[in-house]
Amino acid sequence: MKKLILALAITLPVFANPALFTKYESVRQSLLKNDLAGAQKHAAALATDAKAAKNATVAEFAQSVAKSNDLAGARRSFGPLSDEMIKVRNATKGARPAVYACPMVKKSWLQPKGQVGNPYDSAMASCGELKAE
């Protein structure tokens, strides 16, 4: 029985902690609302969950958003965080957020499929296109 469990653990895809996507989405929503304090709070929570999930890179980039002094800095830090979360998403099977990209700012992000919500520039909140479901 132990060999079967070990074999299943090796062959099954690694499922990401869904809390990472939920916390990431909270950061994105805060940036959409120009809410620095919310972005910082949710990014700190994402960093904590990423550490618990043993994803040091996501934790590091989330912490960078959490420590930003202004919205511009938080949005700059959100880019590398998004790149790492897209890697997590791509390694995840099952329900996962969609990938969107804005050709104007040349950055991508995750969000639920639907109306575009570009977190990188409040003046271009609806600029972007679906890249992967």
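Throughout, residue positions are numbered sequentially from 1 according to the sequence presented.
For CD of Glu129, the number of neighbouring non-hydrogen atoms (other residues, nucleotides, ligands) closer than 6.0 Å is greater than 12. By the neighbour-count criterion of 12 heavy atoms within 6.0 Å, atom CE of Met104 is sparsely surrounded, having that number or fewer from other residues, nucleotides or ligands.
Residues that satisfy the ring-ring contact (aromatic ring centres under 6.0 Å, His included) test with Phe78, not counting sequence neighbours, are Tyr24, Tyr120.
If you take OG on Ser82 and NZ on Lys87, they are separated by 12.0 Å, rounding to the nearest 0.5 Å. The CG atom of Leu32 sits 8.0 Å away from atom CD of Gln111, with the distance rounded to the nearest 0.5 Å. To the nearest 0.5 Å, the span separating CG on Leu46 from CG on Leu81 amounts to 5.5 Å. The structure places CG of Leu20 at 13.5 Å from CD of Glu25, a figure rounded to the nearest 0.5 Å. Taking NE2 of His42 as the start and CG of Asp35 as the end, the distance is 7.0 Å to the nearest 0.5 Å. In this structure, Met85 CE and Phe21 CZ are separated by 5.0 Å, a value rounded to the nearest 0.5 Å.
Within the 4.5 Å cutoff, the side chain of Arg75 has heavy atoms near those of the Leu31 side chain. For the pair Ser108 and Ile86, the minimum side-chain heavy-atom distance is below 4.5 Å.
At a cut-off of 3.5 Å, with distance as the only test, no side-chain donor of Arg28 or Asn118 sits close to an acceptor on the other residue.
Looking only at distances, no side-chain donor or acceptor of Arg89 sits under 3.5 Å from a matching main-chain atom of Ala98.
Between Val27 and Ala39, the closest heavy-atom pair is CG2-O, 4.1 Å. Scanning all heavy atoms of the two residues, the minimum distance from Trp109 to Gly117 falls at NE1-O, 3.5 Å.
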- Task: Under the side chain to side chain contact (heavy atoms under 4.5 Å, CB included) rule, what do Val65 and Gln40 come out as? Steps first, then yes or no, please.
- Result: CA-CA 6 Å; Val65 174; Gln40 292 168 323; 6.0 Å; no
Go through Cys102 and Met124 one step at a time and tell me if the side chain to side chain contact (heavy atoms under 4.5 Å, CB included) criterion holds. CA-CA 9 Å; Cys102 174; Met124 296 190 305; 4.2 Å; yes
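Within the structure, the side chain to side chain donor-acceptor pair (under 3.5 Å) test picks out the following pairs touching residues 55-71 (sequence neighbours left out): Ser64-Ser77.
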